[in-house]
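I have placed the structure first, in the form of structure tokens, so that the comments after it can refer back to it.
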Amino acid sequence: MHRVKARVESNAKVVHGVHRLRLSSSEIALEAEPGQFVHVLCGENRDYILRRPFSVHRVQNGSFDLLIQVVGKGTTYLSQLESGDALDIMGPIGRGFEFTGNFEKSLLVAGGIGVAPLVFLAERLREDGKETHFLYGAATREGLVCLEDLSTVVQKVFSVTEDGSFGYEGLLTEFFGEAFQEYNPDRIFACGPEEMLRKVAESTAGTVPCQVSLERKMACGIGACLSCVCRTREGYRRVCVDGPVFDASEIIW
Amino acid sequence: MHRVKARVESNAKVVHGVHRLRLSSSEIALEAEPGQFVHVLCGENRDYILRRPFSVHRVQNGSFDLLIQVVGKGTTYLSQLESGDALDIMGPIGRGFEFTGNFEKSLLVAGGIGVAPLVFLAERLREDGKETHFLYGAATREGLVCLEDLSTVVQKVFSVTEDGSFGYEGLLTEFFGEAFQEYNPDRIFACGPEEMLRKVAESTAGTVPCQVSLERKMACGIGACLSCVCRTREGYRRVCVDGPVFDASEIIW
Amino acid sequence: MIDLSVDLAGIRMKNPVMVASGTFACGREYSEITDLSKLGAVVTKAVTLKRREGNSPPRICETPSGILNSIGLQNKGVDCFLREDLPFLRGFDIPVIVNVAGDDIEEYVAVSRRLSEAKVDGVELNVSCPNVKRGGMIFGTDAVAVAEVVSAVKKAIGVPLIVKLSPNVTDITEMARSAVDAGADVLSLINTVVGMTIDTDGFKPGLATVTGGLSGPAIRPIAVRMVWQVAQAVEVPIIGMGGIVEARDAVEFLLAGATAIAVGTANFMNPSAALEIIEGLEGFLRGKGYRSIGEIVGRVQA
Amino acid sequence: MIDLSVDLAGIRMKNPVMVASGTFACGREYSEITDLSKLGAVVTKAVTLKRREGNSPPRICETPSGILNSIGLQNKGVDCFLREDLPFLRGFDIPVIVNVAGDDIEEYVAVSRRLSEAKVDGVELNVSCPNVKRGGMIFGTDAVAVAEVVSAVKKAIGVPLIVKLSPNVTDITEMARSAVDAGADVLSLINTVVGMTIDTDGFKPGLATVTGGLSGPAIRPIAVRMVWQVAQAVEVPIIGMGGIVEARDAVEFLLAGATAIAVGTANFMNPSAALEIIEGLEGFLRGKGYRSIGEIVGRVQA
Ligand SMILES: Cc1cc2nc3c(=O)[nH]c(=O)nc-3n(C[C@H](O)[C@H](O)[C@H](O)COP(=O)(O)OP(=O)(O)OC[C@H]3O[C@@H](n4cnc5c(N)ncnc54)[C@H](O)[C@@H]3O)c2cc1C
Ligand SMILES: Cc1cc2nc3c(=O)[nH]c(=O)nc-3n(C[C@H](O)[C@H](O)[C@H](O)COP(=O)(O)OP(=O)(O)OC[C@H]3O[C@@H](n4cnc5c(N)ncnc54)[C@H](O)[C@@H]3O)c2cc1C
Ligand SMILES: Cc1cc2nc3c(=O)[nH]c(=O)nc-3n(C[C@H](O)[C@H](O)[C@H](O)COP(=O)(O)O)c2cc1C
Ligand SMILES: Cc1cc2nc3c(=O)[nH]c(=O)nc-3n(C[C@H](O)[C@H](O)[C@H](O)COP(=O)(O)O)c2cc1C
Ligand code: FES
Ligand code: FES
């Protein structure tokens, strides 16, 4: 894990309210694994003082991307950065997805901005020659921000929108069974709202291994403060360094 | 007094650490009198929450200028504004200089950024056909930011710099007697550090009327909170609305 | 139509948003730029029996997300208040609540009686001003003293009695119960938290009085906690305050159990803060499908 | 050369800057990105006799210029601490101060004795954790209980005894005197201020425990005030903390009367905060022409 002053290489508005920030840091780009995150100081502000965690979305040579949904003060600050600005970043942090095991076909399940780390994972799975399918849900067609990127990386994308503006209409979890049937995966990797993760975990319980990436408010982001714990079969565990990716079977929802 | 969303027309760096902000507001430009100030919200920040007071430095048709020395968070924010930005401003506020009386020759005494309201006053005095001289002190030649502007407005400028890089070398107050002798004014108007004002007031006590513009930390800026008081012969008085300009003889230093 | 009206022990307000004592003077200054008649109520700066000079300056400094003040009890005295300020405030057709301070029980009683005779809408006893050296503080942090001053004033007046509590105590519920048992009709909380800053260049305290009262967003979590604790402990309505800047902040206090709220330090940032909060509350309730403000009071799921 | 060293009742530190309990765990995590050997001392997260689970999540939320936490006493117990963490910390050649918590006097004594036997450099009694329902709080807000636990622990140990005070009291000097009379060698203050937030969408408290401890810049004026008050009241050295982010903040506490300071919440913003403060202090003293840190302790002109 490093602490760097990363330079903003570019800040692109993907759709309204979602930005892709490209940050230069060869250390982080080199070491980051899918599912790991970076902990970002959003300005020298003393009003809101905590860093904000964001998944590593993609890596290039010497730089990496964050995919940021604007929801509050910190993300608003990030969305306004310009090329050349510097950002105080710690990372890569945490236990990412475990994808080196013995499996053939995986299904990646992304709810909304939860897609961020799964694009990185999908790229790695393709490099490993695995067959990968994607179940992708959002409120609207606009919300499926990575659809184009994914089309070149995974075999198939099963899209669901709440308003029916693209793909199936409804909640992603309503179609999980159908997608599962269709692709018959032997691994599940999921990231999104906790309610979605819980349902996915319950649907797969006892069938195929399922890994979920959790979110918690974080203070230190490096395992020291114990503020980010989730309930697991082994007691409280820290999402920042014992996760953010957990085997779904460990979690007590 | 008005509360307006003023548009930034321009933000010019005068010298390092001093900016001239031109703000559009016909109400304020029309009503402001020399010595009055505006109370400025420096961003939507919740870290430092008070507005900051700044003298009206000049007025044009439909707009007015502030001359801002960057000393802390609020002034740093203001120095970074760009044309087109909006600023939440209350003003004009307070009792300005009383310059309609019966006098011939005035001496304006400015220490550092205290020059801001005195340029406005000098312009009005010229319009009134008065003979006006200026005693102007700063740390260095650079700090005499309004020297050029003044040369066209007043009869003579007596300059003092602490490092001797322009005019006389030393503290302004060391040369007050000399300037006073030279111009023989029958009115003094002064703005600058309180220590300077006190010395000027003491030098003039019982000779010619002297008005001083005071500075205090302000919360409301409109007379309600009683946080900005100074000690006067009539008890504590509010610098924001009973001042900022007081007759020096009223002040208990 | 959303019903924002509240009844504070007989004080009828068209909405629950008041301005906090000491931050709005008697409203005159603010009336130029904001419409007082829209407020739920005005609470005046503290009034004492005789004119007071207040504390030496500097009286204010900034702290992270807050301010520290030591105005003290500068005011013109109750006679002058009744002559000059009350008639002005009466012009806006909103309840006028007068904050009362004193050095001893006799002064509290004398001032409150005069105000009651003048039929102000409510008396708010400031038993908690941390900036007055003589008397003041002791009342606010000692349950027995609070009870004494409250019951003495209660006997002397015929208008609703609001008691404003100090947060600078180990157990705010003890103070609250003591005030209510002694006759408080309404509780106001919180007053400012005692704090101090030091200028690291001059080695001098930021305030001439050395310590002063901390207010603003910084203290909001403390205030919300105390309102919640007191709401569990007593039955009387509560006026919640401490760092309220926008409507969401006000909602926090209502959920915690406050019937009304007051806006203090935020007036300095935004003189229309109270009016914007009134609108914001209405929008909040509409958005959530409520029809009256009372429906959310005390509704925190704790 | 500026002399930054301080002696805290026998604990020799090369500079007055420590990290505050609970914000730095046992240093392992931070050691990857910051040089522990440069710190004045490390204060560990609270250690109890047996392993503890801590409070239910959510355990943290943000407030204006602060955070609210309710970690509770999650830790692996004193045996595990002595086995796994102490040897690690010993590797940095800086004093190791261990924060101790318990449900009752017996637990405080048992843990402190074990630590003293293991020759830690100091024991810091956390008599003030607002997040533990059983016991904890009561000690910190009752002068008699503070005295009891302090004198019991004092008898049981042979290393310097630091007592960490709760700010949630009416009179901090009463607690301070009580702790010192009972044998405290050093006082630490302040612990967190009890606060609460409410999520206005879900109507739920921000923390599972409803209330929690407020820390960060928001509480700095409260902390500076208490350090100043306590410095007038007792003779023992004080470790000041509460919202210290940069060197100027640390100077405020030193001027108020603290001999050393601790950096807590700021570690989360800036893991090198403590190291930067050490450098900043040196620069500050040099700029003002002082030669040792002791020259500014308690020098506020109040
Ligand atoms: C491991 C991890 C990876 C994440 N990856 C991404 C990502 O790739 N893209 C993205 O857009 N978002 C991601 N998030 C969520 C992101 O951290 C929050 O949206 C962000 O912190 C909100 O900050 P804010 O100041 O804009 O919002 P505010 O609501 O103002 O934040 C207030 C506080 O709550 C915390 N917070 C708010 N929402 C969340 C959340 N969902 N998870 C954790 N803390 C939260 C903030 O960090 C802050 O402390 C991730 C969260 C975690 C834990
Ligand atoms: C009536 C009046 C007119 C003024 N006119 C001008 C002007 O024309 N140009 C100019 O550059 N400055 C002027 N000042 C001073 C200016 O208000 C301060 O420099 C400014 O508030 C500093 O804000 P900051 O956030 O940058 O500094 P910080 O030091 O971060 O401010 C901290 C707090 O102290 C207050 N403060 C700091 N310095 C002063 C000061 N000298 N006077 C009053 N409050 C202060 C701030 O308002 C704020 O509340 C005037 C002050 C007054 C009272
Ligand atoms: C400048 C100032 C003056 C105050 N004067 C009084 C007062 O006279 N009487 C009183 O009961 N409270 C007084 N208060 C306390 C406020 O009414 C309020 O309780 C406190 O500031 C917390 O609210 P806030 O954070 O919204 O300001 C004063 C507060 C400030 C900031
Ligand atoms: C997450 C967190 C955990 C803490 N845990 C402890 C603890 O175990 N024991 C203790 O005495 N204080 C604990 N504290 C209090 C801090 O040590 C410190 O007294 C307080 O946070 C004020 O300092 P700060 O504002 O610099 O954080 C904790 C504080 C935080 C923020
Ligand atoms: S955020 Fe501090 S332990 Fe996870
Ligand atoms: S700043 Fe409020 S009265 Fe002057």
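- Of all residues in residues 224-231 of chain C, those placing a non-hydrogen atom less than 4.5 angstrom from a non-hydrogen atom of chain D are Val224(C), Arg225(C), Trp228(C).
- The choice from Ile222(C), Ile219(C), Thr63(C) that makes the most heavy-atom pairs within less than 4.5 Å of chain D is Ile222(C).
- Looking at Asp201(C), both its backbone and its side chain come within 4.5 Å of chain D, counting heavy atoms on both sides.
- Scanning residues 238-249 of chain C against chain D with a 4.5 Å heavy-atom cutoff picks out Arg248(C), ordered by number.
- Gln301(C) places no side-chain N or O within 3.5 Å of a backbone atom of Phe203(D) that could act as its donor or acceptor partner.
- For the residue pair Pro221(C) and Leu68(D), the shortest heavy atom distance occurs at CB-CD1, 4.4 Å.
- When all heavy atoms of Val300(D) and Lys204(C) are compared, the closest pair comes out as CG2-C, 4.3 Å.
- Checking each of Thr170(C), Thr141(C), Asn168(C), Asp142(C) against Thr170(D) for a side chain to side chain donor-acceptor pair (under 3.5 Å) leaves exactly one that passes, namely Thr170(C).
- Taking every heavy atom of both residues into account, Leu255(C) and Thr200(D) meet most closely at CD1-CA, 4.1 Å.
- Heavy atoms of Phe253(D) lying under 4.5 Å from chain C are absent altogether.
- In plain terms, the two heavy atoms of Leu214(C) and Ala218(D) that are nearest each other are CD2-O, 3.9 Å.
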